[in-house]
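In what follows, a single structure is set out as structure tokens and then discussed.
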Protein chains: 2
Amino acid sequence: MIQNHLREYRKLNNYSQEYLADQVNVSRQTIISIEKGKFNPSLSLSFKFANIFGVAIEELFQYEEDNNE
Amino acid sequence: MIQNHLREYRKLNNYSQEYLADQVNVSRQTIISIEKGKFNPSLSLSFKFANIFGVAIEELFQYEEDNNE
DNA sequence: TGATATTGTAAAGTTTTGTTTACATTTAAT
DNA sequence: ATTAAATGTAAACAAAACTTTACAATATCA
């Protein structure tokens with residue numbers, strides 16, 4: 001299980017989903033799915049988010065040692 | 001592009017590929033592919049590796065802002 | 001040298017991430 | 001109130017992560 005603060009950081013920076021999507025080179029749907037925790041981004045995409053917001057991956061995403069990964 | 005020091009950390013801990021695979025709940029093939037940089041692990045798997053070796057994701061994996069992701 | 005553990009390779013299959021499109025709903029501005 | 005921008009949803013598709021199996025090549029060690 002992965003929790004994330006993508007939405008918070010996105011709004012903090014006044015980015016629309018579409019703008020952020022463009023910045024990291026994915027579709028808007030992908031942003032939506034990640035924000036909703038529907039999936040588990042790839043590491044390189046996670047790095048892109050972290051870089052854009054200038055934070056560590058661990059600050060943007062938190063791993064919860066749970067039942068199902 | 002993602003570089004990683006998985007192999008180094010694995011050997012440092014005297015783990016076989018198979019043992020490490022078991023620890024993080026993936027197949028040995030997955031370990032091989034990641035060690036060889038053949039693919040880009042999911043974030044949750046990356047966290048598992050980092051946790052097992054007791055290092056930050058950023059220490060295990062380095063992101064290179066290149067041509068193709 | 002011969003047995004055993006470890007690593008390499010390859011290929012076909014499954015699952016999940018990520019795309020694309022299209023439209024509906026909400027929010028923000030004028 | 002109306003328009004435009006932003007967000008939500010859904011479904012079919014493509015691509016990449018990950019599995020499984022099977023066997024070959026290296027290393028380790030008695």
Side-chain angles (χ1 to χ4, degrees):
Chain A
M1 240 295 90
I2 294 236
Q3 256 192 276
N4 76 81
H5 302 128
L6 202 57
R7 189 180 220 98
E8 290 94 310
Y9 277 98
R10 180 171 64 77
K11 300 219 154 169
L12 220 77
N13 287 263
N14 264 341
Y15 291 171
S16 69
Q17 294 175 338
E18 195 159 27
Y19 179 80
L20 178 57
D22 285 352
Q23 295 307 300
V24 297
N25 240 37
V26 296
S27 69
R28 188 167 66 88
Q29 271 312 313
T30 296
I31 302 296
I32 292 174
S33 298
I34 295 173
E35 283 191 355
K36 299 214 153 184
K38 288 210 168 185
F39 56 62
N40 189 12
S42 67
L43 182 57
S44 65
L45 180 50
S46 306
F47 267 115
K48 288 184 190 174
F49 287 131
N51 288 346
I52 281 191
F53 295 128
V55 298
I57 286 191
E58 287 83 353
E59 192 168 332
L60 247 190
F61 298 95
Q62 274 99 42
Y63 178 67
E64 309 258 334
E65 190 87 48
D66 266 39
N67 318 315
N68 320 322
E69 76 155 359
Chain B
M1 240 296 91
I2 292 235
Q3 257 193 274
N4 76 83
H5 302 128
L6 201 58
R7 189 180 219 98
E8 289 93 310
Y9 277 99
R10 180 172 63 78
K11 299 218 155 171
L12 219 78
N13 287 263
N14 264 342
Y15 290 172
S16 68
Q17 294 175 340
E18 195 160 26
Y19 179 80
L20 178 57
D22 284 353
Q23 295 307 301
V24 298
N25 239 38
V26 296
S27 70
R28 187 167 67 90
Q29 270 314 311
T30 297
I31 303 294
I32 292 175
S33 298
I34 294 173
E35 282 190 355
K36 301 214 151 183
K38 287 210 167 185
F39 55 63
N40 190 13
S42 68
L43 182 57
S44 65
L45 180 49
S46 307
F47 266 116
K48 288 185 192 174
F49 287 130
N51 288 346
I52 280 190
F53 294 128
V55 299
I57 286 190
E58 287 85 353
E59 193 169 331
L60 247 190
F61 299 96
Q62 274 99 43
Y63 179 68
E64 309 258 335
E65 189 86 48
D66 267 37
N67 316 314
N68 319 322
E69 77 154 359

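Since this is a predicted model, take the numbers as computed values, not measurements.
In this structure, A/S44 and B/N40 approach most closely via the heavy-atom pair OG-ND2, 2.7 Å. The heavy-atom pair separating A/N25 from A/K48 by the smallest distance is CB-NZ, 4.3 Å.
At whole-Å resolution of the value, CE in B/M1 and P in D/dA16 are 13 Å apart. To the nearest angstrom, P of D/dA16 lies 18 Å from CG of B/L45. Taking atom CG on A/L20 and atom P on C/dG18, their separation rounds to 13 Å, with Å as the unit. Protein atom NZ of B/K11 is 12 Å distant from nucleotide atom P of C/dT6, rounded to whole Å. Rounded to whole angstrom, the span from the CG atom of B/D22 across to the P atom of D/dT19 amounts to 11 Å. With rounding to whole Å, B/Q17 atom CD is found 7 Å from C/dT6 atom C1'. In this entry the distance linking CD1 of B/I2 with P of D/dA16 reads 15 Å, nearest Å. In this structure, the CG atom of B/N40 is 17 Å from the P atom of D/dA15, given to the nearest Å.
Of the side-chain N and O atoms in A/S42, none sit less than 4.0 angstrom from OP1 or OP2 of D/dA17. Residue A/R7 has a polar side-chain atom (N or O) positioned under 4.0 Å from OP1 or OP2 of D/dG8.
B/N4 places a side-chain N or O within donor-acceptor distance of the main-chain N or O of B/L6, the cut-off being under 3.5 Å. Between the side chain of B/S33 and the backbone N or O of B/Q29 there is at least one donor-acceptor pair closer than 3.5 Å. A donor-acceptor pair under 3.5 Å links the side-chain atoms of A/E58 to the main chain of B/I57, judged by distance alone.
Taking the six-membered ring where tryptophan is involved, the planes of B/Y63 and A/F47 are essentially parallel, since the angle between them stays under 30° and well short of 60°.
In this structure, the side chains of B/V24 and B/I31 come closer than 4.5 Å at one or more pairs of heavy atoms. For the pair A/Y9/A/I52, no side-chain contact is recorded, criterion being any heavy-atom separation below 4.5 Å from C-beta on.
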Pairwise N/O distances under 3.5 Å, protein to nucleotides 26-30 of chain C:
none

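Checked against D/dT7, C/dT17, D/dA17, the side chain of A/F39 finds its nearest nucleotide in C/dT17.
Contact check of residues 25-38 of chain B against DNA chain D (heavy atom, cut-off under 4.0 Å) returns B/N25, B/V26, B/S27, B/Q29, B/T30.
Of the charged side-chain nitrogens involved, none lies within less than 4.0 Å of a carboxylate oxygen, so that A/R28 and A/E18 do not count as a salt-bridged pair.
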